[in-house]
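Indexing begins at 1, ligand by ligand and atom by atom, following the structure's order.
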Amino acid sequence: MALLYKADPTRGLEWKALLATKAPDLPVHVWPETGDPAAVRYLAVWEPPPEMLTRFPNAEIVFSVGAGVDQFDFSALPAHIPLVRMLEPGISESMVEYITLSVLALHRNLIDYIADKAAERWKLIRLMPAAQRRIGVLGLGRLGEAACRKLASFGFPVSGWSRSPREIEGVTCHAGEAALPGFLAGCDILICLMPLTPETRGFLNATRFAMLPKGASLVNAGRGGHLIQQDLLAALNSGQLSGAVLDVTDPEPLPKGHPLWAHPRVIITPHAASMTRPETAVDFVLETIRRHHQGLPLEGLVDRQRGY
Ligand code: GLV
(Lines give C-alpha, C1' and ligand atoms only; values in the text may rest on other atoms or scores of the structure.)
Protein backbone atom coordinates (compact mmCIF):
# COMPACT_ATOMS: atom_id res chain seq x y z
CA MET A 1 0.00 0.00 0.00
CA ALA A 2 1.67 3.27 -1.11
CA LEU A 3 0.99 6.94 -1.85
CA LEU A 4 2.17 8.60 -5.05
CA TYR A 5 2.80 12.35 -5.07
CA LYS A 6 2.91 14.19 -8.37
CA ALA A 7 3.29 17.96 -8.16
CA ASP A 8 6.13 20.29 -7.17
CA PRO A 9 8.99 17.80 -6.50
CA THR A 10 10.61 19.87 -3.75
CA ARG A 11 7.42 19.93 -1.76
CA GLY A 12 6.96 16.24 -2.65
CA LEU A 13 10.12 15.43 -0.72
CA GLU A 14 8.71 17.36 2.23
CA TRP A 15 5.51 15.29 2.04
CA LYS A 16 7.62 12.17 1.96
CA ALA A 17 9.64 13.18 5.04
CA LEU A 18 6.53 14.21 6.97
CA LEU A 19 4.68 11.02 6.10
CA ALA A 20 7.71 8.93 7.04
CA THR A 21 7.19 10.22 10.59
CA LYS A 22 3.41 10.42 10.72
CA ALA A 23 2.60 7.23 8.82
CA PRO A 24 5.73 5.06 8.74
CA ASP A 25 3.81 2.14 7.22
CA LEU A 26 2.82 4.14 4.14
CA PRO A 27 5.59 4.25 1.52
CA VAL A 28 5.58 7.50 -0.48
CA HIS A 29 6.84 7.87 -4.03
CA VAL A 30 7.52 11.22 -5.62
CA TRP A 31 6.82 11.26 -9.37
CA PRO A 32 8.40 10.19 -11.72
CA GLU A 33 9.42 7.45 -9.27
CA THR A 34 6.36 5.27 -8.65
CA GLY A 35 7.54 2.04 -6.99
CA ASP A 36 5.36 -0.93 -7.88
CA PRO A 37 2.37 0.72 -9.62
CA ALA A 38 0.06 -2.02 -8.37
CA ALA A 39 0.85 -1.02 -4.78
CA VAL A 40 -0.22 2.61 -5.24
CA ARG A 41 -3.52 3.13 -3.42
CA TYR A 42 -3.53 6.91 -3.00
CA LEU A 43 -2.57 9.56 -5.51
CA ALA A 44 -1.91 13.15 -4.51
CA VAL A 45 -1.53 14.98 -7.80
CA TRP A 46 -1.75 18.40 -9.40
CA GLU A 47 -1.63 17.45 -13.09
CA PRO A 48 -2.82 13.83 -13.16
CA PRO A 49 -0.41 11.40 -14.84
CA PRO A 50 -1.51 10.19 -18.28
CA GLU A 51 -3.67 7.07 -18.14
CA MET A 52 -3.58 7.36 -14.39
CA LEU A 53 -5.94 4.55 -13.60
CA THR A 54 -4.63 2.01 -16.09
CA ARG A 55 -1.20 2.64 -14.67
CA PHE A 56 -2.33 2.46 -11.06
CA PRO A 57 -5.11 -0.12 -11.21
CA ASN A 58 -5.51 -0.34 -7.43
CA ALA A 59 -5.95 3.38 -6.77
CA GLU A 60 -8.54 4.01 -4.07
CA ILE A 61 -8.49 7.78 -3.61
CA VAL A 62 -7.25 10.59 -5.84
CA PHE A 63 -6.40 13.86 -4.06
CA SER A 64 -5.93 17.17 -5.80
CA VAL A 65 -2.92 18.72 -4.08
CA GLY A 66 -4.59 22.11 -4.62
CA ALA A 67 -7.94 23.59 -3.71
CA GLY A 68 -9.11 23.43 -7.32
CA VAL A 69 -9.94 20.40 -9.46
CA ASP A 70 -10.47 22.05 -12.86
CA GLN A 71 -7.24 20.43 -14.09
CA PHE A 72 -8.90 16.97 -13.93
CA ASP A 73 -10.78 15.27 -16.71
CA PHE A 74 -13.64 13.81 -14.66
CA SER A 75 -14.61 11.43 -17.46
CA ALA A 76 -11.23 9.70 -17.10
CA LEU A 77 -11.89 8.94 -13.42
CA PRO A 78 -14.24 6.04 -12.72
CA ALA A 79 -17.08 7.06 -10.41
CA HIS A 80 -16.12 4.62 -7.68
CA ILE A 81 -12.79 6.38 -7.07
CA PRO A 82 -13.29 9.41 -4.84
CA LEU A 83 -11.66 12.64 -6.03
CA VAL A 84 -10.88 14.82 -3.02
CA ARG A 85 -9.99 18.53 -2.95
CA MET A 86 -7.29 19.69 -0.56
CA LEU A 87 -9.17 21.14 2.39
CA GLU A 88 -6.20 21.94 4.55
CA PRO A 89 -5.98 25.10 6.67
CA GLY A 90 -2.69 26.32 5.11
CA ILE A 91 -4.44 27.05 1.81
CA SER A 92 -7.18 29.14 3.36
CA GLU A 93 -4.85 31.02 5.72
CA SER A 94 -2.62 32.13 2.88
CA MET A 95 -5.59 32.95 0.65
CA VAL A 96 -7.08 35.13 3.38
CA GLU A 97 -3.76 36.99 3.61
CA TYR A 98 -3.74 37.57 -0.14
CA ILE A 99 -7.33 38.78 -0.27
CA THR A 100 -6.72 41.09 2.67
CA LEU A 101 -3.57 42.43 1.00
CA SER A 102 -5.41 43.08 -2.25
CA VAL A 103 -8.49 44.65 -0.70
CA LEU A 104 -6.42 46.94 1.51
CA ALA A 105 -4.22 47.90 -1.46
CA LEU A 106 -7.30 48.87 -3.45
CA HIS A 107 -9.08 50.48 -0.49
CA ARG A 108 -5.99 52.56 0.38
CA ASN A 109 -5.34 53.67 -3.23
CA LEU A 110 -2.02 51.86 -3.61
CA ILE A 111 -2.39 51.67 -7.41
CA ASP A 112 -2.59 55.48 -7.54
CA TYR A 113 0.36 55.90 -5.21
CA ILE A 114 2.54 53.50 -7.21
CA ALA A 115 1.80 55.53 -10.35
CA ASP A 116 2.42 58.78 -8.47
CA LYS A 117 5.77 57.54 -7.23
CA ALA A 118 6.82 56.66 -10.78
CA ALA A 119 5.84 60.22 -11.80
CA GLU A 120 7.54 61.77 -8.72
CA ARG A 121 4.17 63.19 -7.73
CA TRP A 122 3.09 63.79 -4.10
CA LYS A 123 -0.70 63.78 -4.09
CA LEU A 124 -2.83 62.95 -1.10
CA ILE A 125 -6.08 61.07 -1.67
CA ARG A 126 -8.81 61.57 0.92
CA LEU A 127 -9.32 58.44 3.04
CA MET A 128 -12.57 56.58 2.83
CA PRO A 129 -13.69 54.76 5.99
CA ALA A 130 -13.88 50.99 5.67
CA ALA A 131 -17.56 51.19 6.63
CA GLN A 132 -18.21 52.93 3.31
CA ARG A 133 -16.32 50.48 1.08
CA ARG A 134 -18.56 47.59 0.15
CA ILE A 135 -16.85 44.30 -0.54
CA GLY A 136 -18.42 41.41 -2.43
CA VAL A 137 -17.10 37.87 -2.61
CA LEU A 138 -18.08 35.52 -5.45
CA GLY A 139 -17.94 31.95 -4.19
CA LEU A 140 -18.65 31.08 -0.56
CA GLY A 141 -16.75 27.84 -0.14
CA ARG A 142 -13.99 27.44 2.45
CA LEU A 143 -11.84 30.18 0.96
CA GLY A 144 -14.67 32.63 0.27
CA GLU A 145 -16.13 32.24 3.73
CA ALA A 146 -12.76 32.69 5.45
CA ALA A 147 -12.07 35.79 3.34
CA CYS A 148 -15.50 37.28 4.16
CA ARG A 149 -14.99 36.83 7.89
CA LYS A 150 -11.57 38.47 7.88
CA LEU A 151 -12.72 41.40 5.73
CA ALA A 152 -15.73 41.98 7.97
CA SER A 153 -13.33 42.30 10.92
CA PHE A 154 -11.88 45.46 9.34
CA GLY A 155 -15.32 47.04 9.32
CA PHE A 156 -16.02 46.65 5.61
CA PRO A 157 -19.65 45.84 4.78
CA VAL A 158 -19.24 42.37 3.25
CA SER A 159 -21.63 40.48 1.05
CA GLY A 160 -21.20 37.18 -0.73
CA TRP A 161 -22.74 35.38 -3.65
CA SER A 162 -22.89 31.65 -4.25
CA ARG A 163 -24.81 29.21 -6.39
CA SER A 164 -26.71 27.73 -3.49
CA PRO A 165 -27.84 29.59 -0.35
CA ARG A 166 -25.32 30.05 2.47
CA GLU A 167 -25.42 31.71 5.86
CA ILE A 168 -22.35 33.40 7.31
CA GLU A 169 -22.59 35.53 10.41
CA GLY A 170 -21.92 39.19 9.68
CA VAL A 171 -22.07 38.68 5.91
CA THR A 172 -25.01 39.43 3.63
CA CYS A 173 -25.35 36.28 1.56
CA HIS A 174 -26.99 36.16 -1.88
CA ALA A 175 -27.63 33.06 -3.94
CA GLY A 176 -28.49 32.19 -7.50
CA GLU A 177 -28.56 33.96 -10.84
CA ALA A 178 -31.55 36.16 -10.01
CA ALA A 179 -29.73 37.69 -7.03
CA LEU A 180 -26.63 38.55 -9.04
CA PRO A 181 -27.52 42.05 -10.33
CA GLY A 182 -28.49 43.22 -6.83
CA PHE A 183 -25.33 41.74 -5.35
CA LEU A 184 -23.05 43.27 -7.99
CA ALA A 185 -24.67 46.69 -7.68
CA GLY A 186 -23.41 46.79 -4.09
CA CYS A 187 -19.77 45.80 -4.65
CA ASP A 188 -17.10 48.49 -4.65
CA ILE A 189 -14.49 45.75 -4.59
CA LEU A 190 -15.43 42.43 -6.17
CA ILE A 191 -13.43 39.31 -5.29
CA CYS A 192 -13.61 36.11 -7.29
CA LEU A 193 -12.98 32.91 -5.35
CA MET A 194 -15.24 30.60 -7.33
CA PRO A 195 -14.24 27.21 -8.68
CA LEU A 196 -13.78 27.13 -12.46
CA THR A 197 -16.61 25.11 -14.02
CA PRO A 198 -18.36 25.34 -17.40
CA GLU A 199 -20.90 27.68 -15.69
CA THR A 200 -18.31 30.02 -14.20
CA ARG A 201 -15.93 30.18 -17.18
CA GLY A 202 -15.99 33.75 -18.52
CA PHE A 203 -18.15 34.88 -15.58
CA LEU A 204 -16.16 38.10 -15.11
CA ASN A 205 -17.26 39.81 -18.30
CA ALA A 206 -18.57 43.11 -19.65
CA THR A 207 -22.18 42.40 -18.64
CA ARG A 208 -21.17 41.77 -15.04
CA PHE A 209 -18.75 44.70 -14.94
CA ALA A 210 -21.56 46.99 -16.12
CA MET A 211 -23.62 45.90 -13.09
CA LEU A 212 -20.91 47.06 -10.65
CA PRO A 213 -20.90 50.65 -9.37
CA LYS A 214 -18.80 52.92 -11.58
CA GLY A 215 -15.16 52.89 -10.47
CA ALA A 216 -15.36 49.52 -8.71
CA SER A 217 -12.36 47.24 -8.67
CA LEU A 218 -11.70 43.54 -9.05
CA VAL A 219 -9.59 40.88 -7.36
CA ASN A 220 -9.35 37.57 -9.20
CA ALA A 221 -7.84 34.79 -7.14
CA GLY A 222 -10.01 32.09 -8.73
CA ARG A 223 -8.81 30.96 -12.15
CA GLY A 224 -7.72 32.87 -15.23
CA GLY A 225 -10.60 31.26 -17.12
CA HIS A 226 -13.14 33.22 -15.05
CA LEU A 227 -12.10 36.47 -16.68
CA ILE A 228 -12.66 37.81 -20.18
CA GLN A 229 -9.46 39.83 -20.40
CA GLN A 230 -10.61 42.10 -23.24
CA ASP A 231 -13.68 43.05 -21.21
CA LEU A 232 -11.53 43.91 -18.22
CA LEU A 233 -9.25 46.08 -20.35
CA ALA A 234 -12.26 47.85 -21.86
CA ALA A 235 -13.83 48.43 -18.43
CA LEU A 236 -10.56 49.80 -17.03
CA ASN A 237 -10.04 52.05 -20.01
CA SER A 238 -13.59 53.44 -19.85
CA GLY A 239 -13.33 54.03 -16.08
CA GLN A 240 -16.14 51.59 -15.31
CA LEU A 241 -13.50 49.74 -13.30
CA SER A 242 -10.68 51.57 -11.52
CA GLY A 243 -8.28 48.72 -10.82
CA ALA A 244 -7.67 45.01 -10.76
CA VAL A 245 -5.49 42.61 -8.83
CA LEU A 246 -4.99 39.37 -10.74
CA ASP A 247 -3.31 36.34 -9.23
CA VAL A 248 -4.43 34.09 -12.06
CA THR A 249 -4.44 34.59 -15.81
CA ASP A 250 -5.16 32.57 -18.90
CA PRO A 251 -2.63 31.49 -20.02
CA GLU A 252 -0.14 31.50 -17.17
CA PRO A 253 2.07 33.36 -17.63
CA LEU A 254 0.57 35.90 -20.02
CA PRO A 255 2.58 36.25 -23.22
CA LYS A 256 5.17 39.01 -23.33
CA GLY A 257 3.64 42.26 -24.54
CA HIS A 258 0.10 41.35 -23.38
CA PRO A 259 -1.67 44.64 -22.55
CA LEU A 260 -2.47 43.52 -18.99
CA TRP A 261 1.25 43.37 -18.13
CA ALA A 262 1.80 47.05 -18.75
CA HIS A 263 -1.62 48.34 -17.67
CA PRO A 264 -1.03 50.93 -14.93
CA ARG A 265 -4.21 49.98 -13.06
CA VAL A 266 -3.52 46.26 -12.93
CA ILE A 267 -1.44 44.41 -10.35
CA ILE A 268 -0.40 40.89 -11.36
CA THR A 269 1.03 38.17 -9.13
CA PRO A 270 2.16 34.75 -10.47
CA HIS A 271 -0.55 32.43 -9.06
CA ALA A 272 1.06 33.05 -5.71
CA ALA A 273 -1.97 33.82 -3.54
CA SER A 274 -1.98 30.53 -1.79
CA MET A 275 -0.01 27.31 -1.61
CA THR A 276 -0.72 23.95 -0.12
CA ARG A 277 1.30 23.63 3.08
CA PRO A 278 2.86 20.16 3.38
CA GLU A 279 2.65 20.04 7.20
CA THR A 280 -1.11 20.46 7.28
CA ALA A 281 -1.82 18.79 3.92
CA VAL A 282 -0.45 15.42 5.05
CA ASP A 283 -2.69 15.52 8.14
CA PHE A 284 -5.70 16.09 5.89
CA VAL A 285 -4.62 13.24 3.60
CA LEU A 286 -4.11 10.81 6.49
CA GLU A 287 -7.43 11.75 8.05
CA THR A 288 -9.18 11.24 4.71
CA ILE A 289 -7.57 7.82 4.26
CA ARG A 290 -8.68 6.88 7.78
CA ARG A 291 -12.26 7.98 7.12
CA HIS A 292 -12.28 6.16 3.79
CA HIS A 293 -11.32 2.89 5.53
CA GLN A 294 -13.99 3.42 8.16
CA GLY A 295 -16.61 4.07 5.48
CA LEU A 296 -17.21 7.61 6.76
CA PRO A 297 -18.19 10.52 4.49
CA LEU A 298 -15.13 12.31 3.06
CA GLU A 299 -14.59 16.02 3.47
CA GLY A 300 -13.66 17.72 0.21
CA LEU A 301 -15.20 14.96 -1.90
CA VAL A 302 -15.75 16.39 -5.38
CA ASP A 303 -19.27 16.28 -6.78
CA ARG A 304 -18.49 15.68 -10.44
CA GLN A 305 -21.90 16.86 -11.63
CA ARG A 306 -21.38 20.17 -9.87
CA GLY A 307 -17.73 20.34 -10.94
CA TYR A 308 -16.13 21.00 -7.53
C1 GLV B 1 -4.32 26.66 -6.56
O2 GLV B 1 -4.71 27.43 -7.38
C3 GLV B 1 -5.11 25.64 -5.95
O4 GLV B 1 -6.09 25.17 -6.55
O5 GLV B 1 -4.79 25.26 -4.81
Item to check | Plane angle bin for Tyr5 and Trp15 - parallel if under 30°, tilted between 30 and 60°, otherwise perpendicular | outcome: tilted

Item to check | Ring geometry between Phe284 and Phe63 (parallel below 30°, tilted from 30 to 60°, perpendicular above 60°) | outcome: perpendicular

One pair per line, please: each N/O atom of ligand 1 matched with every protein N/O atom under 3.5 Å away, atom names first, then the distance to 0.1 Å.
unit_1: ligand 1; atom_1: 2 (O); unit_2: Arg223; atom_2: NH1; d: 2.8
unit_1: ligand 1; atom_1: 2 (O); unit_2: Arg223; atom_2: NH2; d: 3.4
unit_1: ligand 1; atom_1: 2 (O); unit_2: His271; atom_2: NE2; d: 2.6
unit_1: ligand 1; atom_1: 4 (O); unit_2: Ala67; atom_2: N; d: 3.1
unit_1: ligand 1; atom_1: 4 (O); unit_2: Gly68; atom_2: N; d: 2.8
unit_1: ligand 1; atom_1: 4 (O); unit_2: Arg223; atom_2: NH2; d: 2.7
unit_1: ligand 1; atom_1: 5 (O); unit_2: Ala67; atom_2: N; d: 2.6

Next on the checklist: Check whether Glu88 reaches the backbone of Arg277 with its side chain - one donor and one acceptor, N or O, closer than 3.5 Å.
Outcome noted: yes

Checklist entry - Has Arg85 got its NZ or CZ under 6.0 Å from the middle of the six-membered ring of Tyr308, at an angle within 45 degrees of the ring axis? => result no

Item to check | Residues that Asn58 engages under side chain to side chain donor-acceptor pair (under 3.5 Å), provided they are two or more places apart | outcome: none

Checklist entry - With distance as the sole test, does Thr269 use its side chain to make a donor-acceptor pair with the main-chain N or O of His271 at under 3.5 Å? => result no

